[in-house]
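Reading through the structure tokens given below for one structure.
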Amino acid sequence: MSDTKKLTVNGRVVEFTDERNLLEVIRKAGIDIPTFCYHSELSIYGACRLCLVLVEGRGIMAACSTAPAENMVVQTDTKEIREMRKISIELLLADHSVECPTCSRSSNCALQKIANRLGVTEVRFKKRENKFAIDRSSPSLERDPNKCVLCGDCVRVCREIQNIGAIDFANRGSKAQVMPAFNSTLGAVECVNCGQCAAVCPTGAIVPKQDGHRVWDALYDKSKTVVVQIAPAVRVAVGEYFGAAPGENVAGKLVAALKLMGFKHVYDTSFTADMTIFEEATEFIERVSHKGKLPMFTSCCPAWVKYAEIYFPELLPNLSSCRSPQAMLGSVAKKVLPEQFGICRDDLVVVSIMPCTAKKFEAQLPKFTVEGKPEVDIVITTSEIQQMIRSCGINLNELEPEAFDMPMGFATGGGVIFGASGGVMEAALRYAAEKVTNKPLASVDFKEVRGMATRKEAEVSLDGQNIRVCVVHGLANAKKLIADIQSGKEHYDFVEVMACPGGCISGGGQPVGATDKLRVIRQKGLYAADKAHQVQKPQDNYLVTRCYEQYLGGGPGSHESHCVLHTAYQNRSQLFDAKIPAMRGTAEKRLPITVTICAKQENCPGQLLLGMIASYVKEHGYSDRVDLDAAFSSRESQDGTLCVTIGDQAVERTRFTNANNTLEQLQNQAAFKAITAAIDAGIAALA
């Protein structure tokens, strides 16, 4: 090729073309230079200084931030470089919580591996004495600042891939930390629980919250009957821990391992993925037929749902009201199994094995509980179940495969492909195309929505009506898509969103170190499993149909199915970076009221609204029974849109479109009257 250039690495001539830095060229030559802060899918940071190389005529440089050049002569290992790398590692170890035997990343820690590789056998520097508090506030993730090496991978994946920025660098020098804003906790900020920070963290400073001990407690309790469901994406990833090839479907062996561990029944979440399509595709057809809210967005991904609740509450009516497959199986199991097993509902424990840390957040939501008790009791990730299997001395690869338990173990290929980006859309199209035309599909494959492209589009004719669909993964990409839709640049009827790159196959609970190459392999494993199933269309799952007939009112759209399989969403747009008290009551029972003030918006009308509410509270004699806060958010509001929370309810967003309105005119607006009515109701409820 005419654009091929050459340079020399350790005496060997290496060709390069469009590699973005010297590090990539060196690795192309088969030399693996150690790094912490470099990630091929993120921006260049250049902080860890482990990838130092000697460039002839230019001195020692960081390979990750140095562009390759024609005829460059590079040495990757000298006495000086080796000593500098060892000092860097020793300094990190001196500042690191060295608890390797008890760390969940002990067998896969970059710091441990690099220290061993460089022959670091002692640390010559004084250990840090002060320890930071461990953040366990999130139901999905655990953050230990004492293990952080400040590589910035988590910061960049949160900002660049997910466009959230829930964590960032704070303080300087020896006090530097990666943390949420204003010294807050992960559970209190706009973290969507996707776990991509844990997926890229090299040292275990952020990991999925460990709930395996809760599962053991349930299994050892003889008064409990414990069942478990396995998500589609788990089967093509968990085998990697036991030496199986990436993408290999080890579902049967995993079932066998779980039975050995003491689970009474093992179910396939793909069963309720099929059920999700019954409901979701029916809902879509209804919206199209009766001119309902379009585009309709999928609702299977809890990280995406929470993202929409925080950043785009105006789109919540566009989300499908269907629960996720995990939540559906929990609901159906708690409704059906106690009678079948002859036990009371409280003695049934439903465990989920998920690729996704956000599923932990989803399972503990009050809306997925009955009488205060969750329908899915415990969620563990792929990484957690492999540790549990190992602790039993079970060698997964040596087991004979066993079948899922019926009826919730029977699934179609359409349910299995939910684990890949585009899989939900393809399964829905398999259902809708056949239901609308009342003709069997000539082909069940909709390959236009498959693959790793960040945005995939297709146009499908449903009985003469052209339907435009779109699939997107990664929340930063979702934000761009929403902007195009809201501006009128793009029009779609049906949109699938997955928070994690490539879909659930690279969720925050999967084996760490996923790349696009590995994601494609895992996706292929799911599509191969699809073809291995006797049926590929969700509507052909006769056991789902039977479940509807026996327990869910006959079919999708019934009152019973709506109660068991659907949900509602919460406006979470008032998650704040900080709060400042504006008024504090003295009564024992007080009504909390918060008003958004955007820190980035000049002359934010929230300040005026705060004063209006304070005046109303005083005039009506509510002062002793109200706690009024000014809540600051770095998320700039649109068109002067504000959010007021009264009690635990977000009042519909209030809009002041004319900055020249008089105070009297603003007080007479219907929006302000709605706020004051909610305050009156809240005060009355305290009595």
Side-chain angles (χ1 to χ4, degrees), residues 3 5 7 9-10 14-70 72-77 81 84-85 87-89 91-92 110-111 113-114 117 148-170 172-173 176-179 196-203 205-206 452 454 474-477 479-480 500-502 506 512-519:
D3 58 348
K5 301 175 183 178
L7 55 75
V9 178
N10 294 351
V14 180
E15 294 183 345
F16 67 96
T17 52
D18 58 351
E19 285 79 8
R20 60 176 179 166
N21 53 48
L22 193 53
L23 178 62
E24 292 182 358
V25 178
I26 293 170
R27 286 182 170 174
K28 181 180 176 181
I31 301 170
D32 183 24
I33 297 179
T35 62
F36 274 125
C37 68
Y38 179 76
H39 194 289
S40 61
E41 297 173 359
L42 304 175
S43 61
I44 304 298
Y45 184 49
C48 72
R49 317 307 285 178
L50 285 177
C51 65
L52 298 175
V53 295
L54 178 63
V55 179
E56 189 174 280
R58 297 171 66 178
I60 293 177
M61 311 181 74
C64 70
S65 55
T66 301
E70 181 81 40
M72 184 180 276
V73 178
V74 180
Q75 196 71 27
T76 65
D77 188 73
I81 289 174
M84 291 171 73
R85 287 177 181 156
I87 289 173
S88 293
I89 293 297
L91 286 169
L92 288 173
L111 180 59
K113 288 179 179 178
I114 294 172
R117 172 178 164 182
C148 180
V149 294
L150 301 177
C151 67
D153 284 359
C154 58
V155 173
R156 285 175 291 146
V157 77
C158 190
R159 182 190 303 133
E160 297 171 13
I161 304 300
Q162 304 298 47
N163 198 240
I164 294 173
I167 48 178
D168 208 332
F169 289 98
R172 292 177 176 272
Q177 282 191 71
V178 170
M179 60 193 301
Q196 288 304 298
C197 53
V200 299
C201 177
T203 61
I206 302 181
M452 283 300 300
T454 55
L475 295 176
N477 297 321
K479 182 179 180 181
K480 294 175 185 176
C500 297
S506 62
V512 297
T515 61
D516 273 357
K517 181 179 179 181
L518 183 58
R519 294 181 186 112

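- E19 places no side-chain N or O within 3.5 Å of a backbone atom of I26 that could act as its donor or acceptor partner.
- Put simply, the side chain of R156 gets close to the backbone of G152: a donor and an acceptor are under 3.5 Å apart.
- Inter-residue side-chain proximity for R85 and I33 is flagged as met; some heavy-atom pair is nearer than 4.5 Å.
- Residues meeting the side-chain contact (heavy atoms from CB on, under 4.5 Å) test with A110, sequence neighbours left out: F36, P202.
- Rounding to the nearest 0.5 Å gives a distance of 5.0 Å between CZ of F16 and CG of L7.
- Using a distance-only test at 3.5 Å, with no hydrogens or angles considered, no donor-acceptor pair links the side chain of N163 to the main chain of A476.
- Between the side chains of S40 and R27, no donor-acceptor pair is found at a separation under 3.5 Å.
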Q) Given H39 and V157, is the side-chain contact (heavy atoms from CB on, under 4.5 Å) satisfied, shown in steps? A) CA-CA 10 Å; H39 194 289; V157 77; over 6 Å; no

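- In this structure, the separation between SG on C148 and CE on M179 is 11.0 Å, given to the nearest 0.5 Å.
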Donor-acceptor list for residues 42-58 side chains, cut-off 3.5 Å, not counting sequence neighbours:
unit_1, atom_1, unit_2, atom_2, d
S43, OG, E160, OE2, 2.4
R49, NH1, G46, O, 3.0

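- Annotation: K5, atom NZ; neighbour count of heavy atoms from other residues, nucleotides and ligands within 6.0 Å does not exceed 12.
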task = Evaluate side-chain contact (heavy atoms from CB on, under 4.5 Å) for M84 paired with I60, printing each intermediate quantity in order.
result = CA-CA 11 Å; M84 291 171 73; I60 293 177; 4.0 Å; yes

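- Residue L518 holds its CG atom at 9.5 Å from CG of D516, rounded to the nearest 0.5 Å.
- The backbone N or O of I164 lies less than 3.5 Å from no partner atom in the side chain of K479, so there is not a single donor-acceptor pair.
- Formation of a donor-acceptor pair under 3.5 Å by the Q177 side chain with backbone atoms of A170 is not found in this model.
- Distance check, rounded to the nearest 0.5 Å: CG of N10 to CD1 of I31 gives 4.5 Å.
- For the side-chain contact (heavy atoms from CB on, under 4.5 Å) test, residues two or more places apart in sequence or in another chain that qualify with C154 are I167, V178, C197, I206.
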